[in-house]
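One is the number of the first residue; the rest follow in order along the sequence. As a basis for the values below, the full set of heavy atoms in this structure was taken, side chains included, without hydrogen atoms, waters or symmetry mates.
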Amino acid sequence: MAEAGVRTIPIRNPRTGATDFELPVTPPEEVARKAARLRENQKRWAARPLSERIAVMRRWSGELVAHAKAIGAADGADTGGCHTSQFTAFIAVANISGWCEDAEPALARAHVSGPSITMPTVEIRSQLVPYPLVGVISPWNAPMMLSLLDAVPALFAGCAVLLKPSEVTPRFVEPLMETVRRVPELAEVFDVVLGDGRTGQDVIANVDLICFTGSVPNGRKVAVACAERLIPCFLELGGKDPAIVTETADIDRATTAVLRGGVYATGQVCYSVERIYVHESIHDRFVEELVRKAQQVRLNDRDPLDGHIGPFIFVRQPEIVEAHLRDAVAKGAKVLTGGVTETLGGGLYMRPTVLTDVNHSMIIMREETFGPILPVMRYRTVDEAVELANDTMFGLTASVIAGSEAEALPIAERLNAGSVNVQDTFLTFAKLRRIGTHSFGVSGLGGSRTGPDSIMRFLRRKAIMTNHGAPASILDDKPADVAGPRR
Ligand code: TXE
């Protein structure tokens with residue numbers, strides 16, 4: 001029960017539609033107190049050798065494994081039973097163990113030492129200084145995974161972290177913080193505050209750097225607030241990912257890949273396929289096969305573990321999806337299957353929805369729909385397909401499926417997206433730890449959040465320069481001959 005006078009937020013169950021409980025919002029003064037505590041403890045955390053921080057994070061890993069079932073159940077309750085929830089503790093463990101291996105070499109690569117090139121008597125040493133307190137503000141679609149994606153490398157870097165998860169999906173916090181409490185050194189530098197956008201603004205007011213994952217409108221508000229405080233912010237603001245299917249593509253392969261890429265987790269993934277461009281010569285056969293496969297996708301409304309896709313997590317998401325569909329139909333689109341929000345057991349569901357006769361005047365081809373929607377548009381030439389795919393303010397990922405990799409690669413190289421899947425969709429997990437990518441447009445602003453070098457976002461690199469020779473004297477300086485050298 002929340003204390004009297006404390007603001008609360010009703011927490012809706014995505015499977016039943018009922019309010020499960022009232023979430024007490026962390027008051028602003030408590031946000032400031034937690035931030036001050038973390039900031040004070042961070043000095044000791046940063047002073048530890050990296051090897052000690054790695055040892056602490058390994059112990060945390062062990063606690064996450066020990067509590068994986070409780071975490072999976074809570075994250076599953078938050079999301080209505082998205083498949084990822086069952087593994088979310090293990091995704092965090094993989095993230096941590098990756099950084100246990102990658103942090104040391106990544107930071108070693110960042111170090112510079114040796115003589116100056118321009119002043120031979122000067123020796124340069126570098127020092128990496130972590131930002132004291134990092135704020136992480138995360139969304140509802142992969143609640144724990146997207147809360148820890150930035151928090152973990154920041155902790156390895158020597159920062160303290162204050163997390164503000166989405167008020168839509170807070171259930172994972174309790175089991176997560178149980179694992180943190182069991183590692184006292186970690187509990188000193190990692191804490192959570194609860195609430196909505198107002199609490200997010202309180203976090204921004206108290207930290208030294210922000211990592212934000214969420215929608216474009218709120219990302220803009222976060223960026224403005226960070227600019228007013230002149231603190232760095234890293235924004236991941238969604239996607240409108242295109243898939244191009246060429247005339248030589250294998251239709252069975254292409255429809256299987258596009259369907260999964262478009263409707264996994266009910267399309268509530270930032271790198272979901274949201275637009276599909278198919279060569280006119282195979283368009284009709286592709287659409288027929290896509291509809292056939294889409295109609296085999298089952299909802300998990302009776303049992304979260306029995307079905308392919310679950311309910312919408314966020315109660316207003318169906319309204320957004322339906323508004324996009326209405327606009328598309330009003331402008332000539334045809335809905336061939338799906339497209340209707342079904343209330344089943346109190347949860348809000350939508351079956352995979354295939355549209356044709358779409359065009360770029362429609363919202364559904366421009367703004368992030370974030371639902372199980374597959375709008376298919378025909379194209380005539382590869383140049384036209386590339387132009388259509390690049391006609392977006394986003395640029396998270398893209399996909400190209402062709403008759404061969406050799407045909408797909410030149411197309412992939414022309415797409416404005418941080419990651420391009422070839423001969424498949426949804427390959428983002430394949431690149432983790434190997435390569436840091438820079439998203440295009442508003443999808444990713446401020447630098448790469450993936451790859452070993454992404455830890456450098458949390459550090460400032462200092463140069464310490466020693467002159468082993470005599471200092472220069474102003475008395476030796478010859479005033480520049482303003483008339484230029486004598487003839
Ligand atoms: O975002 P919101 P949601 C995108 C996804 C979709 C959206 C879904 O594509 O567009 O995020 O997540 C807090 N000041 N991505 O609806 O509403 C809010 O409390 C400070 C992209 O949750 O923007 C929540 O914790 N904070 C991504 C968080 O911001 C504020 C992957 C996000 O809320 C705030 C996943 C404010 N004014 C989802 N207003 C990617 N590209 O990787 C809200 N918040």
Are [X] and [Y] close enough for a salt bridge, meaning some N to O gap below 4.0 Å?
X: R366; Y: D391; answer: yes
X: E274; Y: K240; answer: yes
X: K293; Y: E289; answer: yes
X: K34; Y: D202; answer: no

Check against side chain to side chain contact (heavy atoms under 4.5 Å, CB included), E167 and V25: CA-CA 9 Å; E167 64 281 14; V25 171; over 6 Å; no
Aromatic ring proximity, centroids under 6.0 angstrom, H360 and Y379: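 No, they do not, as the ring centres are separated by 6.0 Å or more.
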E178 CD to L176 CG distance, which is reported to the nearest 0.5 Å: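 Going from CD on E178 over to CG on L176, the span is 10.5 Å.
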Gap separating the CD1 atom of I137 from the CG atom of L146, nearest 0.5 angstrom: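 Answer rounded to 0.5 Å: 13.5 Å.
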Stepwise side chain to side chain contact (heavy atoms under 4.5 Å, CB included) test for V134 and F458: CA-CA 8 Å; V134 167; F458 305 111; 3.9 Å; yes
Trace of the side chain to side chain contact (heavy atoms under 4.5 Å, CB included) decision for L348 with Q317: CA-CA 9 Å; L348 301 173; Q317 200 64 30; over 6 Å; no
Step-by-step side chain to side chain donor-acceptor pair (under 3.5 Å) determination, T255 to R292: CA-CA 10 Å; T255 47; R292 188 185 69 76; over 6 Å; no
Heavy atoms only: give me the nearest [X]-[Y] pair and the separation to one decimal.
X: S61; Y: I96; result: OG-CG2, 3.6 Å
X: Q268; Y: I313; result: OE1-N, 2.9 Å
X: D75; Y: S85; result: OD1-OG, 2.6 Å
X: L38; Y: F190; result: CD2-N, 3.6 Å

Looking only at atom types and distance, does a side-chain atom of [X] sit under 3.5 Å from a main-chain N or O of [Y], one as donor and one as acceptor?
X: R15; Y: G80; answer: yes
X: T179; Y: E63; answer: no
X: N95; Y: V152; answer: no
X: S97; Y: V93; answer: yes
X: T425; Y: A257; answer: yes
X: D102; Y: P452; answer: no
X: N390; Y: R414; answer: yes

Would you say [X] and [Y] make side-chain contact, with heavy atoms under 4.5 Å?
X: R378; Y: V278; result: no
X: D306; Y: R298; result: yes
X: T356; Y: H283; result: yes

Decide whether [X] and [Y] meet the rule of one side-chain donor and one side-chain acceptor closer than 3.5 Å.
X: Y264; Y: T84; value: yes
X: S147; Y: S138; value: yes
X: D383; Y: T381; value: no
X: H324; Y: T369; value: yes

Derivation of the side chain to side chain contact (heavy atoms under 4.5 Å, CB included) call for R457 and C211: CA-CA 10 Å; R457 290 177 294 160; C211 291; 4.1 Å; yes
Heavy atoms of other groups near E405 CD, more than 12 under 6.0 Å: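 Not buried by this count: 12 neighbours or fewer within 6.0 Å.
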